Visitor: 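Okay, here's the structure, questions in a sec.
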Amino acid sequence: MADPLLLAAYILIFPGFLFLFAYSMVFEFLDRRIVARMQNRVGPPFFQPFADIVKTLGKEVIDPEGVDRPIFDAAPIVALAAVMTAFLYVPVIGASPLAFQGDLVLVLYLLTLPTLALMLLGWLSRNIYAAVGGVRAVTMLFIYEVPFFLALVMPTLMAGTWSVSEIMAWQKEHLWLAVLQPIAFVIALIGLQAKLERTPFDIPEAETEIVAGPWTELTGRRLALMHLANQSAAVAGSALIAAVFLGGPALPWASGSAVLDAIAGFLLFLAKTLAILLILATVRGATARIRLDQLNVIGWKYITTAALAQVAIVLVMNAWEVGA
Amino acid sequence: MTGPSPTLSRRLLNWARGKSPWVTIFNSGSCNACDIEILACLMPRFDVERFGILARGSPRHADILIVTGAVTRQQAPRLRRVWEQIPEPKYVIAMGACGAGGGVFQGLYHMEGSVERVVPVDVFVAGCPPRPDEIINAVVTCLGLMAEDAAHGGRAWRMGTAPVPGAEAST
Amino acid sequence: MTRVVVPIGPQHPALKEPVNFRVIADGERIVELELNLSYSHRGIEKAAEQRDFIRALPLIERVCGICSHSHTTAFSKGIEEIMGVEVPPRAQYIRTIIAELERMHSHLLWLGVAAHEVGFNTLFMWTWRDREAIQDTLEEMTGNRVHYIMNEVGGVRLDLSPLQVEAALVRLPVLEERIRAYVEMVEAEETMLTRFRGVGCLSRDEALCFGAVGPTARASGVDYDVRRDDPYLAYAEIPWNVVTDTNGDVYGRTRVRIGELGESLAMVRYCLEHLPDGPIRVSVPKTAPPGEILSRYEAPRGELVHFIRTNGTDRVERIDIRTPTLANWTSVAHCLIGRPLADVPVIVAAIDPCLSCTSRITVSNRGEDAASGTPPRTGWEG
Amino acid sequence: MTEPVTLEMVAGAVEGVGGAERVRANRIRVRTTSDNVREAIQRVNRVLPCDRLISISTVDTADAIELHYHLIGQHRTIVTVTVELPRDKPEIQTVSDLLPPAGLYERQIHDLFGVVFRGHPGLTQLVLNDDWPPDEHPLRKDWKPDPRTFYGGVRQQEVG
C-alpha cells in the first residue's frame with residue numbers, strides 16, 4: 001500500500017481509529033448484554049456505550065485541589081493513543097500494511113501503557129482510595145505481565161518470526177497455534193482478562209472496597225477518554241489473541257479477487273474476536289473477585305509455571321519439527 | 001448556553017444525558033428500607049440498566065444523587081460535601097416521607113428533618129418506602145426536568161427566578 | 001510501609017448504610033480500627049417515650065427497614081406480657097409466618113450483598129430475584145413490601161384469607177429448589193470460596209467472650225437461639241431445629257444463613273398449613289400497669305432485646321432497644337485486626353450489619369503490631 | 001443442658017452483696033450497690049456459668065438512674081444485676097474488662113445519660129454527632145432541647 005491516501009484511509013477510518021472506537025462500543029454493549037443475560041436481566045440498549053461516552057464528555061471537569069493539571073489531563077490521552085497505535089499493527093482485513101519484524105513486541109508494550117496511565121492517575125489524584133487503587137494496579141501488572149508476555153512470545157518460537165501478520169500467515173499452512181499451544185492460549189486469555197481489570201481480576205477498581213480505585217477522581221472528558229481507552233484495549237487485546245492464536249483474518253484458501261478476500265477476512269476477524277469476547281464475558285459473569293495476595297500466589301505458582309512448561313513443550317516440538 | 005435553536009452537538013448531548021443517567025445513593029441516616037428498594041430497582045425484576053441507569057460508587061461519576069432518609073445531624077455536613085462533589089449538571093431526588101419532611105422521625109432531637117434544608121432537591125418521591133417502580137418513575141421525571149432545563153439553559157430558571165411563563169413548575 | 005489511615009464510609013458503595021471506619025492499615029494489613037456509627041442515630045427511644053402504644057408502633061417499626069417486623073413484635077409482645085393479655089393463637093401463627101418470611105428475605109438479601117462485596121454480582125442478582133417472590137407474598141398478606149405494620153398490641157391487624165394462604169403456598173416449592181441451588185453454589189464456586197473461607201475467623205470462646213449473637217455466633221458453634229431458649233409466638237409448637245456450624249468464618253456464617261433459610265421455609269409452610277382459626281385480635285386496655293419486661297426476639301441478625309418499663313400511663317416510661325448488630329460490632333472489630341484491607345467489606349458484611357438499628361462505636365486497638373500475630377490482650381484501649 | 005438455675009443458687013452466690021428475687025419465669029434480679037457491681041457479676045459468673053452479657057439497660061426514674069446488667073449462660077436463665085445511681089453525679093466502675101461487649105453499651109449510656117464509667121479505656125463521644133454539646137444528655141427525663149444552642153448538622157446560612 002504505497003499509496004499515501006489509501007494508507008491514511010487505512011489508518012484513520014476503516015481498520016483504523018474510527019473503526020476501533022465503533023467496534024469498542026459494540027464490544028462493550030455485547031459484554032454488558034451477555035453478563036446481563038447471565039444475570040437474568042435484559043441489559044442496556046445498543047446505543048448505551050455511545051450515550052455514556054457522549055454524556056461523560058459533556059460533564060463538568062473537576063480538578064481535585066493541588067493536583068498537577070497538565071499530567072492529569074495528559075494521562076488518559078496517552079493511554080488512548082497507545083491503544084490506538086497498538087491496534088494498527090494487528091491484522092484486521094488481512095496482513096497489516098504497517099507490519100514489520102518485531103511489531104508483536106511493540107503491540108505488547110503499547111498495551112501496558114493504559115495500566116501505567118491508571119497508576120499515574122491514581123497517584124496524582126491525591127485521594128487515598130485512588131492511591132491504593134493505583135498501587136494495586138501496578139502490583140497486579142507485575143503478576144500477570146510475565147506469563148502474558150511468555151504466552152504471546154511462544155508463537156514466535158514456533159512460527160520463527162516477530163511480526164503478528166507473519167505469524168498469522170504461518171498459521172495458514174499449519175494448524176492454529178491455539179491447537180498447537182493450548183496452555184499458551186489459555187494463559188493469554190487470563191492475562192488479557194487481568195490487563196483489562198475485569199472480574200475476577202478487577203482488584204484495582206474493586207468497587208466495594210476502594211470506591212472506584214484510580215477512577216475515583218476522574219470526571220468529565222478524562223473519565224470518557226480513560227473508559228474509551230479501556231474498551232479499545234479490550235478490542236486490541238482480543239484482536240491480537242485472535243490473530244496470534246486463532247489464525248486471524250487469513251483465509252485458508254486464496255479466492256479470486258482481493259476485495260472478496262478482505263471481506264471474508266474481516267468476517268473471520270469479527271467472528272474470532274467476538275468468540276474471545278464471549279469467553280471473557282462469561283468469565284466476568286461467573287466469578288468473584290480474588291484478593292491481591294491470592295492473585296499473587298496463583299499468578300506465580302500456577303500460571304507462570306504453566307507458561308514455562310509450555311515453553312519447554314514448544315522447544316521440544318521445535319526440535320522434532322512436529323509443527324513445521 | 002443555548003441559542004434559540006440548539007446546535008447539533010447540544011442536541012446530541014441532551015439526548016445522551018437523557019439516555020445514561022448515572023445514580024449515586026446517599027443514606028443520610030435512613031431506616032434503610034428505601035436503600036433496599038433502590039437496590040431492588042437494579043435487580044432482574046425491575047432492571048433499570050435497560051434505561052441506562054447505573055449505580056456508581058463515586059459521587060464524581062454521578063448525575064443524580066438519591067438521598068434516602070431524613071438527614072441526621074451527623075450526616076448533614078457530609079451530605080452537603082457529597083452534593084458539592086458531584087459535577088454539573090446534577091439533580092437530587094429525596095426519597096420517601098423522610099426525605100420530604102422527616103416522616104416518622106419528624107422533630108427527633110438528632111434529626112435535621114427534610115433533605116430540603118441541606119441540599120436543593122429536584123424531585124420528591126412519595127411512599128415509605130416508595131415501591132421500585134415509583135423510584136424509576138422519579139428518575140424518569142428527573143430526566144424530564146433535565147430536558148426542560150436544557151431547553152431553558154440550566155437549572156437556574158427553575159430554582160431561583162420566577163417560573164418562565166408557559167413552562168409550568170416542576171412536579 | 002508507613003501506617004496509612006484509610007477512612008471507609010460513611011459514603012461507601014460497600015456499605016449500604018452510613019458507618020465510618022477509620023482503618024489504620026500497615027500496608028494492606030489492618031492494625032487498628034475505629035468505627036463511628038453515629039450517622040444513623042435518630043433518637044427513637046426518646047420519641048417513643050412521648051407516644052402512646054398505638055402511635056409508638058409505626059416509629060418502632062422504622063428502627064430498621066429489613067427487620068421491621070422484629071421490632072414491632074418484640075415491643076407488642078413485651079407490652080402484652082406486662083398487661084397480662086392472652087393473644088389468640090391465630091394471631092401468634094400469623095406473626096410467626098411474617099417473622100419467618102422476613103428472616104428469609106433478610107437472609108437472601110444478605111447472601112446477595114455478601115456476594116456483591118466480593119464482586120460476584122451474578123449471585124447478587126439471582127438471590128435478589130428470588131427475594132422478589134417473598135416480597136410479593138408479604139405484599140399480598142400485609143399490603144406493603146417493607147414495614148408491614150401487621151402488629152398491634154393485642155394481636156394482628158389483618159387476617160389471612162384462604163386465597164392468600166394458597167398463593168403463598170404455591171411459591172414455596174420454587175424457592176425451595178432455588179435454595180438448594182444456592183447450597184451447591186456456595187460449596188462449589190471456587191473464587192467465592194477463596195474469599196469466604198478462613199476470613200474473619202471467630203472461635204467458639206471468642207464468640208462467647210465478645211458477645212456475638214445470631215448467625216455470627218451460631219457459625220462458631222455457640223448454640224444460642226431465643227426462639228428455642230425463651231420460646232415466644234408459636235415457635236414452641238412448630239417442629240424446627242437450630243442450625244449451627246463449626247468453622248466460624250464467613251463461609252460458616254453463609255452456611256448457617258442458608259440452613260436457616262431452609263428451616264424458615266419449612267416453618268412458613270407448617271404455619272400456613274396448620275393455621276388455627278379464631279379471632280386475630282383481643283381488645284386491650286388503653287394503659288399498661290406499672291411493670292418491667294426484657295422482651296427478647298430472634299431477629300434475622302441475632303438476638304434483639306427490648307427493655308420496656310411502664311408506669312401505669314398509656315405511654316412507655318422507658319424503652320431500651322439493644323439490637324443484634326450492636327452486639328456483633330465487638331466481634332467484628334476483633335476479627336478485622338490483622339486482616340488485609342480487602343477483607344473489610346466481607347467481614348463487616350458477614351455479620352449482616354443493620355446500622356439503622358444501631359449507632360454505637362467500638363474502639364479496638366491492640367497496642368502491639370497486630371501483623372506479628374501476637375495474641376490480642378483482652379484489654380480495650382481507647 | 002445444665003439443670004435450671006434456682007433462686008436459692010443465685011441468692012447463695014450473692015448473699016453478701018445483694019438480695020435476689022425472681023421477676024419472671026426465667027429472670028432473676030439481683031439488687032446491689034454501685035461499688036460492688038463488679039463483685040456481684042464476678043460471683044454470678046463463677047457460681048452459675050453466665051458467660052454472656054445480653055445488654056445493659058438504663059432507666060431514668062424521677063429519683064435515680066438505674067443500670068440493669070442482663071447476664072445469661074448455658075442454663076438459659078437471665079440474671080439481672082440492678083444498680084441505682086444518684087441523678088446528680090452518676091458514676092460507676094466499668095465492667096468492660098470482665099465483659100468486652102460492655103465497652104460498647106457503656107459508651108452509649110455515657111453519651112445519652114451522662115453516667116461516668118471509671119476506668120473505661122475510651123469514653124469519647126459516641127452516639128451523638130461531633131458538634132453536640134458534651135454536657136447535654138438527651139435521654140434524661142429533664143432534658144429539653146433549647147433552641148439557642150447549636151446541636152450539629154448544617155448551619156442554615158451555609159445552605160443559602
Side-chain angles (χ1 to χ4, degrees), chain B residues 24-47 49 55-59 61-62 65 67-79 81-83 85 96-98 102-112 127-132, chain C residues 9-20 36-48 50-51 55 58-68 71 105-106 109 112-113 116 121 124-133 135-136 139 144-147 353-357 359:
Chain B
T24 185
I25 304 161
F26 186 85
N27 179 329
S28 69
S30 91
C31 71
N32 75 34
C34 289
D35 301 85
I36 316 166
E37 291 299 85
I38 298 174
L39 284 181
C41 291
L42 304 168
M43 291 307 134
R45 182 172 183 187
F46 295 96
D47 188 13
E49 205 185 349
R56 301 292 294 195
S58 153
H61 301 172
L65 170 68
V67 184
T68 64
V71 193
T72 61
R73 291 186 193 279
Q74 172 87 344
Q75 197 70 313
R78 277 90 185 164
L79 170 60
R81 200 175 311 141
V82 165
W83 179 72
Q85 277 179 355
C98 288
V104 161
F105 308 117
Q106 181 78 25
L108 270 64
Y109 63 86
H110 205 244
M111 299 307 284
E112 192 68 46
C128 177
R131 290 177 50 78
Chain C
Q11 162 63 2
H12 193 283
L15 313 167
K16 300 297 168 262
E17 295 134 310
V19 67
N20 180 3
N36 176 355
L37 299 130
S38 65
Y39 294 88
S40 58
H41 176 72
R42 289 151 289 181
I44 286 175
E45 285 152 0
K46 180 87 175 177
Q50 286 132 20
R51 289 169 161 73
R55 281 189 193 78
L59 175 69
I60 287 177
E61 167 126 47
R62 283 160 175 77
V63 167
C64 156
I66 315 173
C67 44
S68 55
H71 287 277
H105 100 72
S106 170
L109 179 145
V113 167
H116 177 61
N121 286 332
F124 184 32
M125 299 288 174
W126 286 353
T127 42
W128 279 61
R129 172 201 59 197
D130 302 333
R131 185 175 158 270
E132 289 298 325
Q135 298 287 74
D136 290 348
E139 191 173 7
N144 197 358
R145 286 163 56 94
V146 188
H147 294 326
C354 177
L355 301 165
S356 316
C357 302
S359 39

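Everything numeric here is computed off the predicted structure, so don't read it as measured data. Heavy-atom basis, side chains included; hydrogens, waters and symmetry copies ignored. Each chain gets a letter, A, B and so on, in the order the sequences are listed, and its residues count up from 1.
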Visitor: Quick check on B:Cys128 against chain C: is it the side chain, the backbone, both or neither that has a heavy atom closer than 4.5 Å?
Guide: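 Both parts, heavy atoms under 4.5 Å.
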Visitor: Once rounded to the nearest 0.5 Å, what's the spacing between atom CG of B:Leu39 and atom CZ of C:Arg131?
Guide: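 The CZ atom of C:Arg131 is 9.0 Å from CG of B:Leu39, to the nearest 0.5 Å.
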Visitor: With a 4.5 angstrom heavy-atom cut-off, is it the side chain or the backbone of B:Ala70 that approaches chain C, or both, or neither?
Guide: neither
Visitor: Counting C-beta onward and ignoring hydrogens, is there a side-chain heavy-atom pair between C:Asp136 and B:Arg45 closer than 4.5 Å?
Guide: yes
Visitor: With a 4.5 angstrom heavy-atom cut-off, could you sort out which part of B:Leu42 is near chain C: side chain, backbone, both or neither?
Guide: backbone
Visitor: Under 4.5 Å between any side-chain heavy atoms of C:Asn144 and B:Pro129, yes or no?
Guide: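 C:Asn144 reaches B:Pro129 side chain to side chain.
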Visitor: Within this structure, what is the CG-CE distance for the pair C:Asp130 and B:Met43, rounded to the nearest 0.5 Å?
Guide: 12.0 Å
Visitor: Residues in salt bridge (Lys or Arg N to Asp or Glu O under 4.0 Å) with B:Glu37, at least two apart?
Guide: C:Arg145
Visitor: Between chain C and each of B:Cys34, B:Cys98, B:Gly107, B:Ala33, count heavy-atom pairs under 4.5 Å; write down the option with the most.
Guide: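 Looking at each option in turn, the highest pair count goes to B:Ala33.
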Visitor: Please state whether the side chain, the backbone, both or neither of C:Gln135 comes within less than 4.5 Å of a heavy atom of chain B.
Guide: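 It is the side chain, since no backbone atom gets that close.
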Visitor: For a quick test of reading the model, state the closest non-hydrogen atom pair linking C:Arg62 to B:Phe105 and the distance between them.
Guide: O-CZ, 3.3 Å
Visitor: Which atoms form the tightest heavy-atom contact between B:Val104 and C:Pro58, and what is the distance?
Guide: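 Shortest heavy-atom separation between B:Val104 and C:Pro58 comes out as CG1-O, 4.4 Å.
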Visitor: Do B:Arg131 and C:Glu139 have side chains that get closer than 4.5 Å, going by heavy atoms?
Guide: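 Result yes, sub-4.5 Å side-chain heavy-atom pair found.
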Visitor: Which atoms of C:Glu61 are under 4.5 Å from chain B, going by heavy atoms: the side chain, the backbone, both sets, or neither?
Guide: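 Neither part.
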Visitor: Below 4.5 Å, heavy-atom pairs only: which of C:His147, C:Arg55, C:Arg129 has the largest tally toward chain B?
Guide: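 Highest number of pairs under 4.5 Å: C:His147.
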